Amino acid sequence: MANSESKAKKSPVGDFFRALGSDCREIGTTWAEGDGKTKLSFLIFGIGPILRGRALVGALHLALEILLIAFIAGFGWQYFSKLLTLGTVETNASGRVTTYGDNSFLILLFGLLTLCALAALIFVWRMNVRENRTEELLLKDGKKLPDNHTDFLSLFDSHFDVTLLALPVLGVFVFTVLPIIFMICVAFTNYDATHQAPSKLFTWVGLKNFRDLFSFGQDGFGSTFLTVLAWTLVWAFFATFLCYFLGIAVAMLINKKGIRFKKLWRTILVMTIAVPQFVSLLYVGKLFAPDGLINGTLLKWGLIRSALPFWTNPMWARITIIVVNIWIGIPYMMLIATGLLMNIPEDLYESARIDGATPWQMFRSITLPYMLFVTGPFLLTQFTGNLNNFNVIFLLNQGNPKSMGMVGGAGGTDLLVTWLYKMTINDTNYKMAAVIGIMVFIVTAVISLVVYQMLPSVKDEEGFQ
Amino acid sequence: MNEKTSSMKQKRLIGNILSYILLILISLIWLFPFVGLVLNSFRSYRPEVEYGGMVDYLVPKHFSLDNYRFLFSGDTNYLRWYGNTIIIAFFVAALQTFIVLCVSYALSRMRFAGRTFLMRFWLVLGMFPGFLTMICLYFLLKQMGLTQAGAIPGLILVSVASSGMGYYVCKGYFDTIPKALDEAARIDGASRARVFFTMTIPMSKPIIIYTALVAFMAPWCDYVFASYIAFGHDKSYNVAVAMQRWVWTGDYQGYFTRFCAGGVLVAIPITILFMLLQNYYVEGVTGGAVKG
């Protein structure tokens with residue numbers, strides 16, 4: 001497997017066409033050398049296996065063909081045929097009579113679904129051709145074909161993966177893949193508040209939205225996008241590494257020799273993981289509000305004259321959020337670090353101590369390298385997770401304070417994802433939300449890929465087995 | 001020599017005292033919000049007694065159970081929201097765990113065409129922000145009649161449908177179970193399915209509990225999607241959506257203390273459950289962190 005992987009890396013495009021070529025050749029030989037049953041199967045899927053006594057396999061292919069063709073012809077085609085224009089007939093409301101025209105949303109969604117159905121049909125056809133070929137070759141060798149009973153049982157043995165994965169893969173397709181393809185397409189349309197289906201049509205606009213994102217004029221998204229992106233990266237950096245190092249520090253503090261009630265300290269910290277975040281974060285958010293407990297107390301004690309702008313000044317809000325996030329992040333890191341720290345051989349420290357190393361030196365040359373090595377992948381997932389850390393930002397202050405200088409309702413602490421959310425919910429600016437979504441994907445993917453290549457512990461997946 | 005050991009002892013003592021002071025300080029900071037939450041929940045919201053919004057003192061002037069009484073009275077759908085969340089959490093935990101187990105076993109133990117492709121494809125899919133697809137999912141669910149009044153099954157469906165992608169921790173665990181065990185059983189004539197159900201699953205208790213626990217806790221925090229799907233239909237809210245509204249829009253009508261009471265009632269069972277299963281959780285996150 002490793003071999004084919006390295007080849008794919010060399011030239012994935014060339015590899016693809018080579019595979020396609022050999023596939024076509026195989027189809028050709030299947031047709032040329034095939035008997036009547038096989039040739040019939042090219043049109044009526046699975047008829048070959050049925051005639052050869054494998055009713056179950058054949059019936060499955062046939063059923064899929066009928067289902068897919070019925071879906072495409074009976075339902076999907078009317079949408080698929082309009083996919084290039086996304087509908088031309090406007091909904092007309094004259095007086096009290098409303099004549100509904102084309103619904104661009106439905107056309108796009110079901111058009112894409114039909115496209116997927118077509119791809120599935122081709123795939124099933126290919127499987128069906130291959131099935132015939134395999135059967136013929138087996139018969140030519142004088143071997144017997146497996147009977148229906150064996151075929152059925154293989155679903156729980158040699159083909160158990162099909163049984164296990166069928167439902168999850170289908171679920172991911174309908175509720176993740178299809179919506180994502182749909183939203184990627186929306187990024188190339190003008191679907192927004194003024195083009196709402198079903199009353200209005202929307203249509204393809206090419207790269208216009210992406211040009212808008214990088215335009216720096218009065219209404220352009222350019223400067224807002226860069227501000228939000230910069231804050232997203234800064235936030236992810238601080239949220240990840242502050243929690244990481246402080247978490248290790250707290251874990252070491254609790255692990256320290258001579259400290260008692262270790263379990264108690266850990267339990268207290270773990271409370272923040274146990275209590276649902278919407279309870280704790282909403283409360284903490286209110287603690288820092290202008291009329292909240294902290295400001296109230298400081299005012300009462302006469303330490304300040306007016307409320308500190310924890311949430312109302314962008315810079316204050318950013319720092320407050322990072323600080324509160326430490327409160328959430330430390331326990332989590334502490335739990336992980338506790339177990340890992342115990343794995344470090346004690347004699348390493350022992351010999352370091354004999355050589356007269358200070359605790360700081362020991363931390364720097366024993367603890368830290370070890371931790372960084374084992375938790376490399378974890379740090380990466382934490383970082384990308386923080387890029388998309390919706391809950392902390394949104395529950396604490398909803399990405400506020402809003403600023404006049406920013407478009408799309410963005411606020412000082414908005415991450416790309418919370419901005420995306422606001423544009424979807426408040427502005428119904430779906431096209432720009434989709435563009436932002438693609439940008440989030442690109443940022444995440446680039447960071448992941450670059451860092452992933454550098455991690456030693458992920459290169460050898462089978463190494464653990 | 002004697003002097004040196006005693007000075008070292010002294011140093012260690014000072015170090016320990018400092019550590020204890022630090023730990024106590026940390027504990028105070030970490031517990032403060034929870035103490036505040038509980039104290040606030042005992043402050044009455046009735047204007048003749050006390051104000052139910054935000055105030056600048058921590059300990060209520062009068063101890064009262066008004067907030068709790070309000071939650072259980074018929075004036076609010078709180079019990080209904082609570083029930084909704086329990087139903088969602090329960091179904092999501094059960095179904096999601098099952099799906100994750102299936103996917104993990106297939107990816108860990110079986111080698112089939114497209115396996116690496118599937119894993120990479122799902123990895124790439126996971127890089128898209130979840131909220132991107134919100135409107136599309138809303139529409140899909142609407143077509144099935146699973147929004148507003150039907151939001152509860154809709155939420156379960158969405159959470160469960162894509163759960164196959166979260167197989168990493170569980171697959172990592174399966175990878176550590178020696179393959180030789182499987183092979184021995186298969187030589188004795190056991191089918192894959194038999195191995196899966198009678199060997200692998202019973203051996204995976206920690207990871208099953210971890211997966212179920214995480215899946216069970218997630219719906220309690222699900223605000224974004226739940227509020228979008230249940231939009232405007234009060235009876236389909238879950239606690240997170242409802243409490244959110246109390247804090248953000250109801251705050252100045254004195255709903256803050258009622259939110260505290262509602263939050264306390266949510267937090268207590270979840271916290272107890274989590275504390276009981278803490279060890280499994282630690283094992284899961286540590287394993288997941290190391291293997292990525």
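Convention: sequence-line order gives letters A, B, ...; per-chain numbering from 1. These numbers come from the heavy atoms of this one structure, side chains and all, not from hydrogens, waters or symmetry mates. Note that the structure is predicted; figures quoted are calculated from it, not measured.
Relative orientation of the A:Phe105 and A:Tyr191 rings is perpendicular, given thresholds of 30° and 60° on the angle between their planes. Between B:Trp122 and B:Tyr167, the ring-plane angle classifies as tilted under the 30° and 60° cut-offs.
Using a cutoff of 4.0 Å between basic side-chain nitrogens and carboxylate oxygens, B:Lys171 and B:Asp175 are scored as salt-bridged.
Side-chain atoms of A:Thr375 and A:Tyr244 include a donor-acceptor pair closer than 3.5 Å. The closest side-chain donor-acceptor pair between B:Tyr105 and A:Asp161, if any, does not fall under 3.5 angstrom. Using modelled atom types and a 3.5 Å distance limit, the side chains of A:Lys256 and B:Ser19 yield a donor-acceptor pair.
Ranked by heavy-atom pairs shorter than 4.5 Å toward chain B, the options A:Ile180, A:Val174, A:Thr163 are led by A:Ile180. Ranking A:Tyr332, A:Phe182, A:Phe175 against chain B, the residue ahead of the rest is A:Phe175, based on heavy-atom pairs under 4.5 Å. The greatest number of non-hydrogen atom pairs below 4.5 Å with chain B, out of A:Val270, A:Val284, A:Leu264, is found for A:Val270. Of the listed residues A:Val417, A:Thr272, A:Thr297, the one with more heavy-atom pairs under 4.5 angstrom with chain B than any other is A:Thr272. Looking only at heavy-atom pairs under 4.5 Å with chain A, the residue among B:Val282, B:Ile99, B:Ile270, B:Ile135 that has the most is B:Ile135. Highest contact tally toward chain A, considering only B:Gly36, B:Ala106, B:Ala193, is held by B:Ala193 [criterion: heavy-atom pairs under 4.5 Å]. Between chain B and the options A:Gly285, A:Gly292, A:Gly258, A:Gly339, heavy-atom pairs under 4.5 Å are most frequent for A:Gly258. With chain A as partner, the option from B:Thr133, B:Leu125, B:Leu132 having the largest number of non-hydrogen pairs under 4.5 angstrom is B:Leu132. In terms of heavy-atom pairs under 4.5 angstrom with chain B, the leader among A:Pro168, A:Ala434, A:Ser154, A:Pro179 is A:Pro179. Taking chain A as the reference chain and counting heavy-atom pairs below 4.5 Å, the highest number among B:Gly126, B:Cys102, B:Gly263, B:Gly164 is found for B:Cys102. Contact tally against chain A (heavy-atom pairs below 4.5 Å) for B:Tyr281, B:Phe34, B:Phe259: the top residue is B:Phe34. In terms of heavy-atom pairs under 4.5 Å with chain A, the best-connected choice from B:Gly130, B:Ser162, B:Gly262 is B:Ser162.
Looking at A:Ser448, the atoms closer than 4.5 Å to chain B (heavy atoms on both sides) all sit in the side chain, from C-beta outward. Proximity to chain A (any heavy atom under 4.5 Å) is shown, for B:Glu283, by neither the backbone nor the side chain. Heavy atoms closer than 4.5 Å to chain B are found in the side chain of A:Leu287, but not in its backbone. Interface residue A:Val172: backbone and side-chain heavy atoms are both found under 4.5 Å from chain B. Using a 4.5 Å cut-off between heavy atoms, A:Gln382 makes no contact with chain B at all. For A:Trp265, the part lying near chain B is the side chain, with the backbone staying farther off; criterion is any non-hydrogen pair under 4.5 Å. Looking at A:Asn391, the atoms closer than 4.5 Å to chain B (heavy atoms on both sides) all sit in the side chain, from C-beta outward. Residue B:Asn40 touches chain A through its side chain alone, counting heavy-atom pairs closer than 4.5 Å. Proximity to chain B (any heavy atom under 4.5 Å) is restricted, for A:Leu109, to the side chain, taken from C-beta onward. Neither the backbone nor the side chain of A:Val443 has a heavy atom closer than 4.5 Å to any heavy atom of chain B. Contact of A:Thr384 with chain B is not made at all, since no heavy-atom distance falls under 4.5 Å. Residue B:Ile177: no heavy atom, backbone or side chain, is found under 4.5 Å from chain A. For a residue to count as touching a neighbouring chain, one of its non-hydrogen atoms must lie under 4.5 Å from one of that chain's; by this rule A:Ile273 touches chain B with backbone and side chain alike. Heavy-atom distances place no part of A:Ala337 under 4.5 Å from chain B, backbone and side chain included. With a 4.5 Å cut-off on non-hydrogen atoms, A:Leu106 touches chain B through its side chain but not through its backbone. When heavy atoms are compared at a cutoff of 4.5 Å, A:Ala445 approaches chain B by way of both its backbone and its side chain. A:Met183 touches chain B through its side chain: at least one heavy atom from C-beta onward sits under 4.5 Å away, while N, CA, C and O do not.
With a 6.0 Å radius and a threshold of 12 heavy atoms from other residues, nucleotides or ligands, A:Lys263 has its NZ atom at or below the threshold. Environment of NZ in A:Lys262: crowded, with over 12 heavy atoms of neighbouring residues, nucleotides or ligands closer than 6.0 Å. For A:Phe390, the CZ atom counts as densely surrounded, since its 6.0 Å shell holds more than 12 non-hydrogen atoms of other residues, nucleotides or ligands.
Here the closest heavy-atom approach between residue A:Ala274 and residue B:Met275 is recorded as CB-CE, 4.3 Å.
At least one side-chain heavy atom of A:Leu282 sits less than 4.5 Å from a side-chain heavy atom of B:Trp248.
Shown here are the salt bridge (Lys or Arg N to Asp or Glu O under 4.0 Å) partners of A:Arg130, two or more places apart in sequence or in another chain: A:Asp23, A:Glu26.
Aromatic pair B:Trp246/A:Tyr283: centroids not less than 6.0 angstrom apart.
The backbone N or O of A:Ala289 sits less than 3.5 Å from a side-chain atom of A:Asn295, completing a donor-acceptor pair.
The structure places OG1 of A:Thr424 at 11.5 Å from CH2 of A:Trp419, a figure rounded to the nearest 0.5 Å.
When each of B:Tyr138, B:Tyr223, B:Phe139 is paired with B:Tyr228, the ring-ring contact (aromatic ring centres under 6.0 Å, His included) condition holds for B:Tyr138 and for no other.
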Problem set entry | Worked verdict on A:Asp157 versus B:Arg186 for salt bridge (charged side-chain N to carboxylate O under 4.0 Å, His left out) | CA-CA 10 Å; A:Asp157 196 22; B:Arg186 284 175 38 80; 2.8 Å; yes
